[in-house]
Structures are given as C-alpha cells and as structure tokens.
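See below for the structure under consideration.
Just so it is clear, the values below take in all heavy atoms, side chains as well, and ignore hydrogens, waters and symmetry mates.
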Amino acid sequence: MTLDELEDSKTVTGARQVSKAVKRGDAECVFIAEDADQYVTGPLADLCSEYGVPAENVPDMVELGKRCGIQVGAAAAAAVRDK
C-alpha cells in the first residue's frame, strides 16, 4: 500500500490507536514516520511483525498527518478494514 492509497482509506492515527487496530486484526497496513521517536515507533514495528501486518516507513510525521486528513504530525497511521 502507498501513501496515495492511504488517503483513500479509512485510517486511524497515533501509535496507541494503531497498536489497538493491529491487535484487533483491523489494520491492513501500517505507516511509521522515520522522524518520530524510536521509543514510540520501535514497539509498534515489532508488534506489526508479530501480527504479520505490513509496515511501511515514511520520511515525515507532518506528511503522514496530512495524508490522513489531520493538521498535525502523526508518528504512525494505519489503513483499517471497514466493518
């Protein structure tokens, strides 16, 4: 999945909400900002690996936030399945 596809998907943002979506099995793909604090994103990357969810790195928190339709940066975002 690409950032362009993320814009057209239902999303959740923030490391905590993305982690919950991964654990519930709702996350299709996770995007992690490279400029975010590793203390926040490291465990999320490990969780994605554990649950078999694809994780893509993106260079910038601000760009990730914009792609999700929010006006602040996001350390992580996930495209989630519609229920």
Worksheet item: Taking a hydrophobic cluster as the set of Ile, Leu, Val, Met, Phe, Trp and Tyr residues connected by side-chain heavy atoms closer than 4.5 Å, whether directly or through intermediates, do Leu44 and Val53 fall within one such cluster?
Response: yes

Discussion item. If I take atom CE from residue Met1 and atom OG from residue Ser9, how far apart are they, to the nearest 0.5 angstrom?
Written reply: 4.0 Å

Worksheet, complete the sentence: Tightest non-hydrogen contact, residues Val40 and Ala15, listed as CG1-CB, 3.4 Å

Discussion item. To the closest 0.5 Å, what do you measure between CD (Glu7) and CD (Glu5)?
Written reply: 10.5 Å

Worksheet item: How long is the gap from CG on Asn57 to CG on Asp35, to the nearest 0.5 Å?
Response: 11.0 Å

Discussion item. Let me check something: do Ile32 and Leu47 share a hydrophobic cluster, defined by ILVMFWY side-chain heavy atoms less than 4.5 Å apart, either directly or through other members?
Written reply: yes

Worksheet entry | Distance, nearest 0.5 Å, that separates OG1 of Thr13 from CG of Leu64 | 8.5 Å

Worksheet, complete the sentence: Separation between SG (Cys68) and CD (Glu63), nearest 0.5 Å, reads 10.0 Å

Worksheet item: Closest approach of Ala74 and Ala33, non-hydrogen atoms and distance?
Response: O-CB, 3.7 Å

Worksheet entry | The single option from Val80, Thr41, Val30, Asp26 passing side-chain contact (heavy atoms from CB on, under 4.5 Å) against Val18 | Val30

Worksheet item: How long is the gap from CD on Gln17 to OG1 on Thr11, to the nearest 0.5 Å?
Response: 11.5 Å

